[in-house]
**Q** 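If you scroll down you'll find the structure; I have some questions about it.
In the text below, chain A, chain B and the rest are named by the order of the sequence lines, each starting its count at 1.
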Amino acid sequence: EPHRKQASCSAQEENKVVTLLLGAEPEKVCAMPDPALPDSDIKALTTLCDLADRELVLNISWAKHIPGFSSLGLSDQMSLLQSAWMEILILRVAFRSLLCEDKLVFAEDYIMDAEQAESAGLLELHKAILQLVRRYRSMRLEREEFVTLKAIALANSDSMHIEDVEAVQGLQDSLHEALLDYECVHHSEDPRRTGKLIMTLPLLRQTSTKAVRHFCSIKQDGRVPMHKLFLELLDANV
Amino acid sequence: KEKHKILHRLLQNSSSPVDL
């Protein structure tokens, strides 16, 4: 084991897990707001919920491509996704928004500034996600780190319903090791970088909790149409 | 878990999962 670790920390060796994760990244999704609807908070929220639903389908098939995820029992796969789905959505928005100052790139055709967020009733959430974006921007988060961190967020979702705790721990360990190996090769100048990345996860969790609560209350209002998968996962977090 | 039919179905649809 120590020998293997030493060997993996060399520029010659390709990081297999990170390479697989890069290859598993879902394609881009367009928001396509309905041009027939007049601009309103309901239109903005309908667009976001529809976008989230389509992204969720892609994120579930992405999860299946995380090395080791499909070896977990089906029940544990479900539990991890039911806990982490919003963290995954938010981390993707945050990464897309890195190059866009003070705006959230929900999709290439759906970029939201603070004013638009406020009129959709999403200002607090907008601010919280931007705080995360600023953290990652200041670290110059790389695509390799983003895909690995996203898989870690899923494996580390702290579901209370895990049946095979050891198997989930094994998945966390292999992803953690992949990140350590990547940083060892690409950021040897900053030995604390892995820790810094992991330390952004509490803010991601906090932001995700806020988002789920907010969309649950929108659901209860009943004014915004929501697709079944999005509703199913909102229910899972209540 | 009974309630989570869509998630269950999407996870069961095979799409070349990768094992370690």
**Q** I need the minimum non-hydrogen distance between B:L7 and A:E232, along with the two atoms involved.
**A** N-OE2, 2.9 Å
**Q** Identify every side-chain donor-acceptor pair in residues 194-207 of chain A under 3.5 Å, counting partners at least two apart or on other chains, and give the distances.
**A**
{"from": "A:K196", "atom 1": "NZ", "to": "A:D190", "atom 2": "OD2", "distance (Å)": "2.9"}
{"from": "A:T200", "atom 1": "OG1", "to": "A:Y136", "atom 2": "OH", "distance (Å)": "2.7"}
{"from": "A:T200", "atom 1": "OG1", "to": "A:L197", "atom 2": "O", "distance (Å)": "2.6"}
{"from": "A:R205", "atom 1": "NE", "to": "A:E87", "atom 2": "OE2", "distance (Å)": "2.6"}
{"from": "A:R205", "atom 1": "NH1", "to": "A:D158", "atom 2": "OD2", "distance (Å)": "3.1"}
{"from": "A:R205", "atom 1": "NH2", "to": "A:N156", "atom 2": "O", "distance (Å)": "2.9"}
{"from": "A:R205", "atom 1": "NH2", "to": "A:D158", "atom 2": "OD2", "distance (Å)": "3.3"}
{"from": "A:T207", "atom 1": "OG1", "to": "A:L203", "atom 2": "O", "distance (Å)": "2.6"}

**Q** What is the minimum heavy-atom distance between B:L10 and A:K64, and which atoms define it?
**A** O-NZ, 2.8 Å
**Q** Flag yes if more than 12 heavy atoms outside A:E108 fall under 6.0 Å of its CD atom; otherwise flag no.
**A** no
**Q** Does anything in residues 75-97 of chain A pair up under ring-ring contact (aromatic ring centres under 6.0 Å, His included), and if so which pairs, sequence neighbours excluded?
**A** A:W85-A:F230, A:F95-A:F146
**Q** Using non-hydrogen atoms only, which part of A:L81 is less than 4.5 Å away from chain B: side chain, backbone, both, or neither?
**A** side chain
**Q** Supply the atom-to-atom distance B:R9 CZ to A:L229 CG, rounded to the nearest 0.5 angstrom.
**A** 9.0 Å
**Q** Quick one: closest heavy-atom pair of B:H8 and A:L74, and the distance?
**A** NE2-CD2, 3.2 Å
**Q** Nearest 0.5 angstrom please: A:S70 OG to B:L11 CG, how far?
**A** 8.0 Å
